[in-house]
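Naming convention: chains lettered A, B, ... in sequence-line order (proteins, then strands); numbering from 1 in each chain. Values reported hereafter were calculated over all heavy atoms of this structure, with side chains retained and with hydrogens, waters and symmetry mates removed.
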Amino acid sequence: MAAKYREFQQLNLPSIETEILAKWTEHQAFEHSVSIREGATPFVFYEGPPSANGMPGIHHVISRTLKDLVCRYKTMQGYQVKRKGGWDTHGLPIELGVEKELGITKEDIGKTISVEEYNQKCREAVLRFKDKWDDLTNKMGYWVDLNDPYITFQNEYIETLWWLLKRLHEKGLLYKSVSIQPYSPAAGTGLSSHELNQPGTYKDVKDTSAVAMFKVIENSESQFLFDAANQTSTGSDQSSPEVFFLAWTTTPWTLPSNLGLTVGPNIDYVLVKTFNPYTHLPVNVVLAKSLLGKYFKPEGENGDFEGYTAETKLLPWEIIAECKGKTLEHCRYEQLLPYEANSAEKAGGDPFRVLCDTFVTTEDGTGIVHTAPAFGADDYKVGKKYGIGILTMVDREGKFVDGLGEFSNRYVKNYKDDANYVDVNIDISVKLKKENRAFKVEKYEHSYPHCWRTDKPVLYYPLDAWFIRTTAIKDRMVELNRTINWKPKATGEGRFGNWLENMVDWNLSRSRYWGTPLPIWRTADGAEEKCIGSIEELNSEIRKAGEVLGGEVNKNYLHNGILDLHKPYVDEVVLVSSKGEPMHREPDLIDVWFDSGAMPYAQWGLDQEKLKAGSDKPFNAPFDQNFPADFICEGVDQTRGWFYTLHALGALLFDSVAYKTVVSNGLVLDKNGNKMSKRLGNVVDPFRTIETYGADATRWYLITNASPWDSLKFDLEGIKEVQRKFFGTLYNTYQFFALYANVDGFAFREAYIPLSERPEIDRWILSSLNTLVKDVTVAFDDYEPTIAGRLVEDFVDEHLSNWYVRLCRRRFWKGDYSADKIAAYQTLYECLETITRLIAPVSPFFADWLFGNLNAVTGRYAETSVHHVLYPVADGTKMDPALEERMQLAQDASSLVLGLRKKVNIKVRQPLQRILIPVLNPAMREQLEKVADLVKSEVNVKEVQYLTDADGFIKKKIKPNFQALGKRLGGKMKAVSAAIAEFDQEAISKLEKEGSYSLEFDSEPLILQIHEVEITSEDIPGWMVSSKGALTVALDVTVTPELEQEGNARELVNRIQKIRKDNGYELTDRILVKLAEAGNLAESIRQFSSYIKAEVLADGLELVDTMGEEAMAIEVNEQSVKVWVEKATRS
RNA sequence: AGAUCCGUAGCUCAGCCUGGUUAGAGCACUACACUGAUAAUGUAGGGGUCAGCAGUUCAAAUCUGCUCGGGUCUACCA
């Protein structure tokens, strides 16, 4: 006896997964899936390293499912896909976590705790949840190499980063400069953007804002302003008129550092003649035209200048000139608040000019932006462009420097919680008012960032930082980006593309402790600097410095070299310059994004031989075959993170893309569309989800519910639905197969029956199957797993289960082990087996389980896992579009007839004589004839008749084919459409016969072609009719006595089958049946005796007069009858 | 504030690129049927201002613009 297909009580995905997981572990299925492809074309995948200092969430499951399915798919297509895991181990989140845990702040580090101890804590915290992560990886079926991951804090990793940095340094792409960064004077530290994004950082505050007046200097650039002012100058005012630029600020304390005024080149500005509302002196002011309304009332326009006094409420004003911002460029003005400390010389440039830039808006203020390069990123940028120098009149404690007269040494905000603090901003405003230099002073409410630690306002402050000159290759990065296949496309072109267009240099510096140290040593005067590119190089420099400088220098590192590349050790190292001066390390760490962006190189580490040989890619061996990546995938939040840094480093260092395809998946929200957060308590625990519903159902749900890049509303009900609908159906189909295949001992040992010898329906399902394979492959190749999954779902449900199996049920249990039966088994087996391979990438457990169950009996594959076999390839010779089309016709026809039966309430078991189908053309008839038998048995009718218009009793309906006709007719469409609607039967049949029809339209001839209309049959007078599209079906609902008797027989069969089942008989048991008191059923029984016997596997069917108590009373079509069923003894 | 994605039935989504006249599925709901796949299945029904407004067009869920709502990223700036 051959092995049996496994049969089950019910579907239990989690227990299947436990079983498969054990099998994978035992046979090292993952390792094997890679090693069997040794020598094959590699498909390169990069794993974006997660940070293991927090628990994994459900959102990690989606991106990892995507990664996994692509890798599995490519493996099954014959590529070798190595997947090296990795861990991101540096960075602020880790440090903040440790600070919180230890109850310390940044200031404590190096004081109450040594940097050495602190970094040790970070190192311990970093992989705290690694076990949990590994557990999830395992349970969700994510195949990735966890045994040999790259870890960013390891020396080998950091060493490679250093080499890369050195490379950038050599290319002149790594430089030190000032940048304007958020800075907290109260805490005495710069703030990262991460810190600035803490909740509650932005607060609405009321600040004193001032519109300051900058006095224009008369020269050739500004002459036109003065000319206009002079022309309208009135007799009472003999002195030469004064012209001012109006500029608004919410931070008057930045005014002593003012060096420029910025206007928008395309903004319209006006010169307005008016009076200063505080001093009442006549003035001429420049501001943006669209902002006039903020300062001047419409009633005051061209008002009474002569009669203006201090008491006049309404300010008269008049526009006396107009120009674009570009015209104002380079105009000069007098410094607003000159002191000894803020002279033009000290600024070190050519200040007090009007500048142009597009960042200027006219939404607030005056359209002229007061520009203090030290205190704003935009200001700094535009200031640098024009070379106006820089003044930093505030120190790091947040107070004015010496040499600013009455403002010297005053805090610009109340940083010290001083109860007697007097707001210097008010004092500055008052001074301006008195000096005829303020046009408007008022409180202004706006949102402003505050330090999350001290709650004090942040200010933007120039700090030293190291930069990578990404802007140097901006165009190349844009160009390379165009070659990357972005999914979705819009993210690459839009979000990422715009980001590249507006790129600024990459600020690498972080003033923290736990991270990759910048490998740059400098002399005190900064004249000489060294960038170290390897451990070997550092050690040799250490020894050199030890020799030259002598004494205690580097004494801890002279013998064994440096053992840990982190702080504080590297900071203890002193190097020596060519002139014998000591060099100290630049204290910064580098941005963690550099760590992860450099993983294509650093994951392999440096090859010391290649390094010595001076290779320009001195990385360990697999690098050459593993760069660039064919595919990466992470959340959209990585667009400016990992996607960017990978791209930037690939382009900067090797003039290459780092990845060819990138999939950015969307967020996972809760079922109400809210972001998941611990605070709201709506986080979904991935472990519980997987344990309850199974990883496969979860994966399938995540993939098929929405495109990966759309945000997903995660609902457990959806997983249940997938479980029931998809896996349940597929499982049922397998159970059905196994049930009968075990009875018949089918093990695919017979020769493959040629398609030409199989029935229509077999050829149809195999054709559909191959079409499915083709479409699924196209979808996967296009990184559209959602489409692929939905296609498989539709096939399994609609085609395989609800049509093929339903229609073929009898073939499996009826009759001998004939050729037809074998064909049915072979066909269904082929479908199931192919589906296991199709779904293997998405639902790896269930697929492997099903594949194993099938293959265990047939042994068609030598491989023990579906993940080791090849992905199905569509067989064109099995595809037959006409066949698929006519089967659709059959399904539609059946559905229509069943609908009609329902309407007249005649059950399907009651046979009916015939259906009529009007055929519009010979091709349609041919198609229908081929599937007529299927339709007949499906809807239980005896015959199908075809009606042609020759029979004369179809009424046809005509309507324009808008798509075809619209192109030709355009505007006449409406009228012609109305004319077509008026066609009578004669006109329609004329058009059909001749293929065209001419009509007169607007006294112009118009020839209507047959393909420009759609003709359908509308009605068959006197019949029950139903239609869908071009297909119309009529049903003969007459139940003749003969039909009724047959119906009775079938009903009886049905009842006896039920008894068999209730009695618990085996499918193959023979029975004996006795019936009594059958009334008007007796005739049916006699007439259909052999039919009944065959159907219920009865050796005998007897009509008797009476029966004992034990007989069962049943009802058949409202006629009661007594029946007795017993097992027949085998003869 | 800018960029970007999304908005179609009670819920989850197709359809939109390439405009075409009854806007589709599944779930849920209701009724009926089927009963040798049965903790399965089928049929039918109700349920839509395709977020809103304007435009282009003979024709708009589909193309364009604006507005509103939600998400994400970037920024917070005088």
Side-chain angles (χ1 to χ4, degrees), chain A residues 9-11 193 196 202 209 247-251 254 261-262 359-361 363-372 375-379 446-449 460 488 490-491 493-499 502 635-637 639-641 666-667 669 671 673-675 704-707 709-713 715 717-718 720-721 724-725 728-729 731-737 739-740 786-787 790 793-794 797 801-802 805-806 809-810 812-814 895 898-899 901-903 905 907-909 959-967 969-977 1054 1057-1058 1060-1061 1065 1067 1096:
Chain A
Q9 285 308 304
Q10 64 174 63
L11 176 64
S193 59
L196 223 50
Y202 285 89
S209 75
W248 179 66
T249 179
T250 54
T251 51
T254 59
L261 293 171
T262 308
F359 74 81
V360 179
T361 67
E363 275 165 35
D364 269 319
T366 62
I368 301 176
V369 177
H370 141 60
T371 305
F375 302 117
D378 284 335
D379 304 41
H446 62 153
S447 104
Y448 196 83
Y460 288 80
T491 302
E493 286 170 0
R495 188 184 280 199
F496 196 68
N498 289 335
W499 169 252
N502 300 317
V636 275
D637 50 327
T639 306
R640 271 111 182 209
L667 282 244
L669 309 169
K671 65 176 175 180
N674 299 310
K675 205 175 169 177
T704 57
N705 187 60
S707 275
W709 29 91
D710 288 337
S711 56
L712 174 87
K713 290 182 193 162
D715 188 356
E717 288 301 315
K720 284 189 206 164
E721 191 181 321
R724 225 181 32 241
K725 190 101 188 97
T729 304
Y731 163 83
N732 267 330
T733 307
Y734 166 76
Q735 277 287 90
F736 174 85
F737 167 82
L739 184 65
Y740 296 108
T786 310
I787 292 174
R790 286 173 178 175
E793 260 174 14
D794 286 349
D797 188 48
S801 171
N802 286 339
V805 171
R806 201 153 55 81
R809 281 199 310 236
R810 288 176 68 89
F812 290 92
W813 55 266
K814 189 89 175 124
S895 158
L898 291 172
R901 274 181 173 274
K902 157 87 185 144
K903 242 174 226 151
N905 232 342
K907 57 178 94 177
V908 180
R909 252 197 311 274
K959 103 180 165 183
N961 176 344
F962 285 88
Q963 194 159 6
L965 208 50
K967 288 230 160 54
L969 294 182
K972 294 181 195 155
M973 202 51 214
K974 256 195 184 117
V976 173
S977 153
N1054 166 256
Q1057 298 286 32
K1058 194 163 161 45
R1060 279 185 62 115
K1061 205 177 169 198
Y1065 296 166
L1067 293 181
V1096 303

[X] to [Y] - nearest heavy-atom pair and separation:
{"X": "A:Thr704", "Y": "A:Thr786", "value": "O-CG2, 3.7 Å"}
{"X": "A:Ala247", "Y": "A:Leu261", "value": "CB-CD2, 3.7 Å"}
{"X": "A:Val908", "Y": "A:Arg901", "value": "CA-NH1, 3.5 Å"}

Between [N] and [M], how far apart are the two [atom1] atoms, rounded to whole Å?
{"N": "B:C34", "M": "B:A44", "atom1": "C1'", "result": "14 Å"}
{"N": "B:G70", "M": "B:A51", "atom1": "C1'", "result": "11 Å"}
{"N": "B:C27", "M": "B:G65", "atom1": "C1'", "result": "37 Å"}
{"N": "B:A9", "M": "B:C50", "atom1": "P", "result": "10 Å"}
{"N": "B:G24", "M": "B:U8", "atom1": "C1'", "result": "10 Å"}
{"N": "B:A37", "M": "B:A28", "atom1": "P", "result": "22 Å"}
{"N": "B:G19", "M": "B:A59", "atom1": "C1'", "result": "8 Å"}
{"N": "B:C11", "M": "B:C73", "atom1": "C1'", "result": "29 Å"}

*Identify, with sequence neighbours excluded, every residue that meets side chain to side chain contact (heavy atoms under 4.5 Å, CB included) alongside A:Asp794.*
none

*Quick one: side chain to side chain contact (heavy atoms under 4.5 Å, CB included) partners of A:Leu11, sequence neighbours excluded?*
A:Leu13, A:Ile16, A:Phe727, A:Tyr731, A:Phe846

Atom [atom1] of [X] and atom [atom2] of [N]: how far apart are they, to the nearest Å?
{"X": "A:Asp378", "N": "B:A1", "atom1": "CG", "atom2": "C1'", "value": "12 Å"}
{"X": "A:Tyr731", "N": "B:U38", "atom1": "OH", "atom2": "P", "value": "8 Å"}
{"X": "A:Phe812", "N": "B:A37", "atom1": "CZ", "atom2": "P", "value": "11 Å"}
{"X": "A:Asn705", "N": "B:C13", "atom1": "CG", "atom2": "P", "value": "5 Å"}
{"X": "A:Arg790", "N": "B:C13", "atom1": "CZ", "atom2": "P", "value": "8 Å"}
{"X": "A:Leu261", "N": "B:C77", "atom1": "CG", "atom2": "C1'", "value": "16 Å"}
{"X": "A:Phe496", "N": "B:C73", "atom1": "CZ", "atom2": "C1'", "value": "13 Å"}
{"X": "A:Asp715", "N": "B:G26", "atom1": "CG", "atom2": "P", "value": "19 Å"}

*With a 4.5 Å heavy-atom cut-off, do A:Phe736 and A:Val805 have their side chains touching?*
yes

_Donor-acceptor pair under 3.5 Å, A:Gln10 side chain vs B:A39 base_ = yes

List for me each residue that meets side-chain hydrogen bond (donor to acceptor under 3.5 Å, both in side chains) alongside [X], sequence neighbours excluded, and say none if there are none.
{"X": "A:Lys1058", "result": "none"}
{"X": "A:Arg809", "result": "none"}
{"X": "A:Arg724", "result": "none"}
{"X": "A:Ser801", "result": "none"}

Heavy atoms under 4.0 Å, any strand shown: does [X] hit a base, just sugar-phosphate, or nothing?
{"X": "A:Asn1054", "value": "sugar-phosphate"}
{"X": "A:Arg1060", "value": "base"}
{"X": "A:Trp248", "value": "base"}
{"X": "A:Val805", "value": "base"}
{"X": "A:Gly365", "value": "nothing"}

*Please state whether the phosphate of B:G70, meaning OP1 or OP2, lies under 4.0 angstrom from any side-chain nitrogen or oxygen of A:Lys713.*
no

_Phosphate OP1/OP2 of B:A78: any A:Thr250 side-chain N/O under 4.0 Å_ = yes

Check every atom of [options] against the side chain of [X] and return the nucleotide holding the closest atom.
{"X": "A:Ser707", "options": "B:A14, B:A78, B:C58", "result": "B:A14"}
{"X": "A:His370", "options": "B:A78, B:C13, B:A37", "result": "B:A78"}
{"X": "A:Tyr460", "options": "B:C77, B:A44, B:G20", "result": "B:C77"}

_Electrostatic pair A:Glu793:A:Arg790 at N-O distance under 4.0 angstrom_ = no

*Treat a base pair as Watson-Crick or G-U wobble with both distances under 3.5 Å, then lay out RNA chain B in dot-bracket form, 5' to 3', with | for cross-strand pairs.*
(((((((..((((......[...)))).(((((.......))))).....(((((..]....))))))))))))....

*More 5' along RNA chain B: A:Tyr740 or A:Glu721, using each one's nearest nucleotide?*
A:Glu721

*Pairwise 5' ranking along RNA chain B for A:Thr251 and A:Val1096, keeping only the more 5' one*: A:Val1096

_salt bridge (charged side-chain N to carboxylate O under 4.0 Å, His left out) partners of A:Asp797, counting only residues at least two apart_ = A:Lys725

Any protein N or O atoms within reach of nucleotides 40-42 of chain B? Criterion: under 3.5 Å, listing atom names and distances.
residue : atom : partner  : partner atom : Å
B:A40   : O2'  : A:Asn732 : ND2          : 2.9
B:U41   : O3'  : A:Asn802 : OD1          : 3.2
B:G42   : OP1  : A:Asn802 : ND2          : 2.6

